[in-house]
Amino acid sequence: MENLEQVIFQIILHGGNGRSAAMEAMIAAKQGDFEGAREKLKEADDALNEAHHIQTSLIQGEIRGEKTEVSLLMIHAQDHLMNAMTVKDLAAEMVELYYRIN
């Protein structure tokens with residue numbers, strides 16, 4: 001596996017990209033651009049799936065007995081990812097609400 005810090009930063013990177021795309025989806029929906037909003041939600045899904053895949057590989061490594069150092073940076077990455085996933089879920093709901101209102 002790559003350097004653990006690099007792996008952690010990949011989780012942060014993809015989580016941040018996913019969160020940003022979700023926020024952009026809400027902005028697009030607010031402006032009435034529902035096609036753009038759905039594209040941004042797909043972009044958010046793709047980024048968060050990548051982060052989740054990295055997280056899953058770390059978990060699978062633990063199952064195989066490969067211990068992962070739990071650092072403040074790792075905790076931050078996990079928090080960042082979970083927050084991004086929540087924002088994406090809420091963005092999907094907001095896009096749907098804007099669509100129904102419009």
Side-chain angles (χ1 to χ4, degrees):
M1 186 178 283
E2 301 172 54
N3 174 332
L4 183 58
E5 284 185 355
Q6 290 174 336
V7 172
I8 291 169
F9 279 115
Q10 288 294 310
I11 293 171
I12 293 169
L13 170 75
H14 294 298
N17 288 346
R19 184 182 182 284
S20 293
M23 294 298 292
E24 290 172 6
M26 287 189 281
I27 292 167
K30 187 175 184 178
Q31 296 171 343
D33 179 8
F34 298 107
E35 183 178 330
R38 288 189 179 92
E39 288 173 11
K40 286 296 180 179
L41 286 175
K42 171 72 168 96
E43 188 180 314
D45 272 335
D46 291 345
L48 294 174
N49 284 338
E50 184 62 32
H52 191 263
H53 175 74
I54 295 165
Q55 180 189 49
T56 300
S57 70
L58 290 171
I59 292 168
Q60 289 172 338
E62 288 248 348
I63 291 169
R64 290 189 304 270
E66 301 166 12
K67 295 298 176 194
T68 302
E69 177 186 344
V70 178
S71 65
L72 185 57
L73 190 58
M74 174 65 84
I75 293 167
H76 173 68
Q78 296 301 314
D79 183 52
H80 195 67
L81 176 56
M82 295 308 299
N83 180 42
M85 293 170 84
T86 300
V87 168
K88 197 278 302 179
D89 289 343
L90 289 172
E93 291 297 321
M94 292 294 295
V95 168
E96 181 62 27
L97 286 172
Y98 277 120
Y99 180 76
R100 287 184 184 191
I101 290 169
N102 202 10

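Both backbone and side-chain heavy atoms feed into the values below; hydrogens, waters and symmetry mates do not.
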* **Distance in Å, Ile101 CD1 paired with Met94 CE, rounded so as to fall on 0.5 Å steps** => 8.0 Å
* CD/Gln60 to CD/Gln55 distance, rounded to the nearest 0.5 angstrom? -> 11.0 Å
* For the student: nearest non-hydrogen atoms of Ala44 and Ala22, plus distance -> CB-N, 3.9 Å
* Structure fact -> Minimal heavy-atom distance between Ile8 and Ala77, with the atoms involved, is CG2-CB, 3.6 Å
* Asked: Any idea which heavy atoms bring Lys67 and Glu62 closest together, and the distance?
  -> C-OE2, 4.1 Å
* To do: Find the distance between NE2 (His52) and CD1 (Ile11) and round it off to the nearest 0.5 Å.
  => 10.0 Å
* Structure fact -> Nearest heavy-atom contact between Arg19 and Ala84 is CB-CB, 3.8 Å
* Stepwise side-chain contact (heavy atoms from CB on, under 4.5 Å) test for Asn3 and Val7 -> CA-CA 6 Å; Asn3 174 332; Val7 172; over 6 Å; no
* Look up atom NE2 in His76 and atom CG in Asp79, then write down how far apart they are to the nearest 0.5 Å. => 7.5 Å
* Give, for atom CD of Gln78 and atom CD1 of Ile12, the distance between the pair rounded to the nearest 0.5 Å. => 9.5 Å
* Flag, side chain of Ser20 to backbone of Asn17, donor-acceptor distance under 3.5 Å -> no
* Asked: Between atom CE of Met85 and atom CG of Asn83, what is the distance when rounded to the nearest 0.5 Å?
  -> 11.0 Å
* **Student check: side-chain heavy atoms of Leu73 and Leu4 closer than 4.5 Å** => no
* **Joint hydrophobic cluster, Met82 plus Phe9, side-chain heavy atoms closer than 4.5 Å** => yes
* Restricting to pairs with a member in residues 88-102, which pass side-chain hydrogen bond (donor to acceptor under 3.5 Å, both in side chains), not counting sequence neighbours? -> Asp45-Lys88, Glu96-Arg100
* Asked: Would one find more than 12 heavy atoms of other residues, nucleotides or ligands at under 6.0 Å from atom CE of Met23?
  -> no
* Structure fact -> Tightest non-hydrogen contact, residues Ala21 and Glu43, listed as CB-OE2, 3.8 Å
* Asked: Are the side chain of Glu24 and the backbone of Ala37 linked by a donor-acceptor contact shorter than 3.5 Å?
  -> no
* What are the two closest non-hydrogen atoms of Leu81 and Ala51, and how far apart are they? -> CD1-CB, 3.6 Å
* Does Lys42 have any side chain to side chain donor-acceptor pair (under 3.5 Å) partners at least two apart in sequence or in another chain, and if so, which? -> Asp46
